[in-house]
Amino acid sequence: MTQPKILKIFNTQSGKKEEFVPLIPGRVSMYVCGVTVYDYCHVGHARSAVAFDVIYRYLKRLGYDVNFVRNFTDIDDKIIKRANERGVPWTDITREFIDAFYEDMGRLNIEKPSNEPLATDHIHDMLAMISTLIERGHAYPADGDVFYSVRSFKDYGQLSGKNIEDLQSGARIDVNETKKDPLDFALWKKSKPGEPFWDSPWGQGRPGWHIECSAMSAKLLGETFDIHGGGKDLVFPHHENEVAQSCGATGHKPVRYWMHNGFVNIDKEKMSKSLDNFFTIREIFEKFHPETLRLFLISCQYRGPIDFSQHNLEEAEKVATRFYEALESAQALLDKRTEVNLPNLEKDIEAHSLLSGFDEAMCDDFNTAVAIAHMNEALKALNPCLQKANPDINNVRKIAVISGALRKVGNLLGLFHSSPEDFKATAFNRKKAESGIDPAKVEALILERNNARAEKNWAVADQKRDELIALGVILEDGPEGTTWKLK
RNA sequence: GGUGCCGUCGCCAAGCGGUAAGGCCAAGGUCUGCAAAACCUUUAUCGGCGGUUCGAUCCCGCCCGGCACCUCCA
């Protein structure tokens, strides 16, 4: 990028968009809460992954050297429970779902972060932090457990906008006899017989959920780092507790910009395990191309809710198809017109209005919805050039520039990673399965129709077309013959 | 009960003080033997009522409707 842009980020902490200024010029340190590996990822996980992937990619475009850490929570009650249900070692569970996670993320075209620490590889860092918290009077051991004393931290609640009195009056906090205060949360949990454990000064046990992020972010990014992200549901208590832990241990705030993505909803309700209204990513991929899911997820601003439905995915699929088809024809034309020299193409691409519009949108708190609107405008400029039977040199160049700009912006959003054939094949296969159509029958009817057309027997040709339409088949007569697709 | 968020064209979705981006769908047109694709054109005053302002979808208040967090959760 030639022109420096001012990036604005909505900071959960302040509730406002703020100008982004990294702690160290030219560098960004970013930590995003990953997943607990006890099950397959659902669409909600996909949203978070895609949102921060787009953010990661864009920070790099702005020229930052980004140190991006995304953790795996690989020790937790749910993992132990799942292992017991299956009668296998808990490490079998974590290994299986880490592999599945990588498979899903790979298909979604999520870039690998700089570092992906496992909680269990950092137990010693957590123990050190817990000891510091005890020394500083922010935590206390109690019968093998260690708890954080929430009332020892005067700013508790400042991230999520809660105050201790309100939390206390809410009757949903579990009562635990060993806690001094019901608001206190576990830093270390004593293990029960048969459960995995690590040795600690307080006996055998395992870490509480929140401590891993505080310990690993400090270890890998420093006591103060730029961006911490995750789903909105993590604001309280997880991120609130992280702030308490880190501030308690170091005396200063760990995070400069807190970013939270909105939920994926089903019929206006949050998609969640407890409501049992979730879809796994791999279920979606059985019907839709990963890029369709990706485009759907970035078709609105990352902070708001997004309603998940087959209808909305189909709409995203249409949009993606239009882009793929235009890009495909542009490429075909450019391949044919190799005699046209295209000097300084990259420079013209970067200078195209799509790039400036894209940058403006992204600098406004990563507004991907507006970015996609600009892509549609570019597409609208590209298509008329593609209409021309034999475009002149200027048009060829225009096609090269606009399609290049579209590809570039698309790639920055993680799109156009597939081939047009693969992309269209996914939609075709789904429709074929849903309609139960027989391709051989379609081909036969098309042949009959084309025979009639060759004899200029339009009545028969149209009758065959009507039959095909009744089947949901749409014909396209092109210079290289007739192709068909499903409605 | 406490705390936030949201309500923009039939549908999805930006904008958030100066008279509403984009997409889907629909209609008309160009093209086509007819179609399809593509292109062109057309479609909203922003949940309701007050207030602040020269001016409000955008600020404030109240109301109606929906959601979320306060418990594991992306």
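Chain letters run A, B, ... following the sequence lines, proteins first and then strands; every chain starts at 1.
- Look at A:Lys189 and A:Glu195 and you find no salt bridge, because none of the NZ, NE, NH1 or NH2 atoms lies under 4.0 Å from a carboxylate O.
- The side chain of A:Lys318 sits closest to B:rC24 out of B:rA37, B:rG33, B:rC24.
- Nucleotide B:rG15 holds its C1' atom 12 Å from the CD atom of A:Glu360, rounded to whole Å.
- Between A:Glu96 and A:Arg82 there is no salt bridge, since none of the side-chain N atoms of the basic residue sits less than 4.0 Å from a carboxylate O of the acidic one.
- Ranking B:rC72, B:rG33, B:rG66 by closeness to the A:Asp462 side chain, first place goes to B:rG33.
- Nucleotide B:rG17 forms a pair with no other nucleotide shown, judged by Watson-Crick or G-U wobble geometry with both contacts under 3.5 Å.
- Base pairing annotation: B:rA44 forms no Watson-Crick or G-U wobble pair, as no partner gives both donor-acceptor distances under 3.5 Å.
- Look at B:rC31: it lacks any Watson-Crick or wobble partner with both distances under 3.5 angstrom.
- Near-neighbour residues of RNA chain B inside residues 473-487 of chain A, defined by a heavy atom below 4.0 Å, number-ordered: A:Ile474, A:Leu475, A:Glu476, A:Asp477, A:Lys485.
- Within a heavy-atom distance below 4.0 Å of RNA chain B, the residues of residues 47-55 of chain A found are A:Ser48.
- A ring-centre distance under 6.0 Å is found for A:Tyr102 and A:Phe72.
- Here A:Asp364 pairs with A:Lys17 in a salt bridge; the nearest charged N to carboxylate O distance falls below 4.0 Å.
- For A:Lys8, the NZ atom sits in a loose shell: 12 or fewer heavy atoms of surrounding residues, nucleotides or ligands are nearer than 6.0 Å.
- Counting any heavy atom pair closer than 4.0 Å across all strands shown, A:Lys78 reaches sugar-phosphate atoms only and no base atom.
- B:rG15 and B:rC59 have their P atoms separated by 13 Å, given to the nearest Å.
- Straight-line distance from the CG atom of A:Leu333 to the P atom of B:rA37: 21 Å, rounded to whole Å.
- What separates CG of A:Asn277 from C1' of B:rA74 is a distance of 14 Å, to the nearest Å.
- OP1 or OP2 of B:rG15 sits under 4.0 Å from a side-chain N or O of A:Asn367.
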Polar atoms only, N or O, under 3.5 Å: list the protein pairs with nucleotides 21-23 of chain B and their distances.
unit_1, atom_1, unit_2, atom_2, d
B:rA21, O2', A:Glu377, OE2, 3.4
B:rG22, O2', A:Asn376, ND2, 2.8
B:rG23, N2, A:Glu315, OE1, 3.4
B:rG23, N2, A:Glu315, OE2, 3.0
B:rG23, N3, A:Glu315, OE2, 3.4

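- A salt bridge is absent between A:Lys380 and A:Glu377; no separation between the charged side-chain nitrogens and carboxylate oxygens falls under 4.0 Å.
- Of the side-chain N and O atoms in A:Asn261, none sit less than 4.0 angstrom from OP1 or OP2 of B:rA74.
- B:rG55 and B:rU19 are spaced 15 Å apart, taking the P atom of each and rounding to whole Å.
- Remark: B:rC9 base-pairs with no nucleotide in the shown strands. Criterion, Watson-Crick or G-U wobble with two distances under 3.5 Å.
- Atoms NZ (A:Lys16) and C1' (B:rC59) sit 14 Å apart, rounded to a whole Å.
- Spacing between B:rG10 and B:rC62 at atom C1', rounded to whole Å, works out to 31 Å.
- In terms of position along RNA chain B, the nucleotide closest to A:Glu269 lies nearer the 5' end than the nucleotide closest to the other residue of the pair A:Glu269 and A:Gly34.
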For this session: Under the salt bridge (charged side-chain N to carboxylate O under 4.0 Å, His left out) rule, what do A:Glu467 and A:Lys464 come out as? Steps first, then yes or no, please.
Result: CA-CA 5 Å; A:Glu467 283 180 41; A:Lys464 296 300 173 190; 3.8 Å; yes

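- Counting non-hydrogen atoms of other residues, nucleotides and ligands closer than 6.0 Å to CG of A:Asp267 gives a total of 12 or fewer.
- B:rU43 and B:rG23: their P atoms are spaced 14 Å apart (whole Å).
- Within a 6.0 Å radius of CZ in A:Phe236, more than 12 heavy atoms belonging to other residues, nucleotides or ligands are found.
- Judged by the 6.0 Å distance and 45° axis criteria, A:Lys287 is not positioned over the aromatic ring of A:Phe279.
- For the pair A:Asp233 and A:Gly161, nearest-nucleotide mapping onto RNA chain B gives the more 5' position to A:Gly161.
- Under 4.0 Å is where a charged nitrogen must lie from a carboxylate oxygen, and between A:Asp466 and A:Arg449 no such pair does.
- With a 3.5 Å ceiling on both atom-pair distances, the Watson-Crick or G-U wobble partner of B:rG1 is B:rC70.
- Rounded to the nearest Å, the gap between the C1' atom of B:rU45 and that of B:rG17 is 15 Å.
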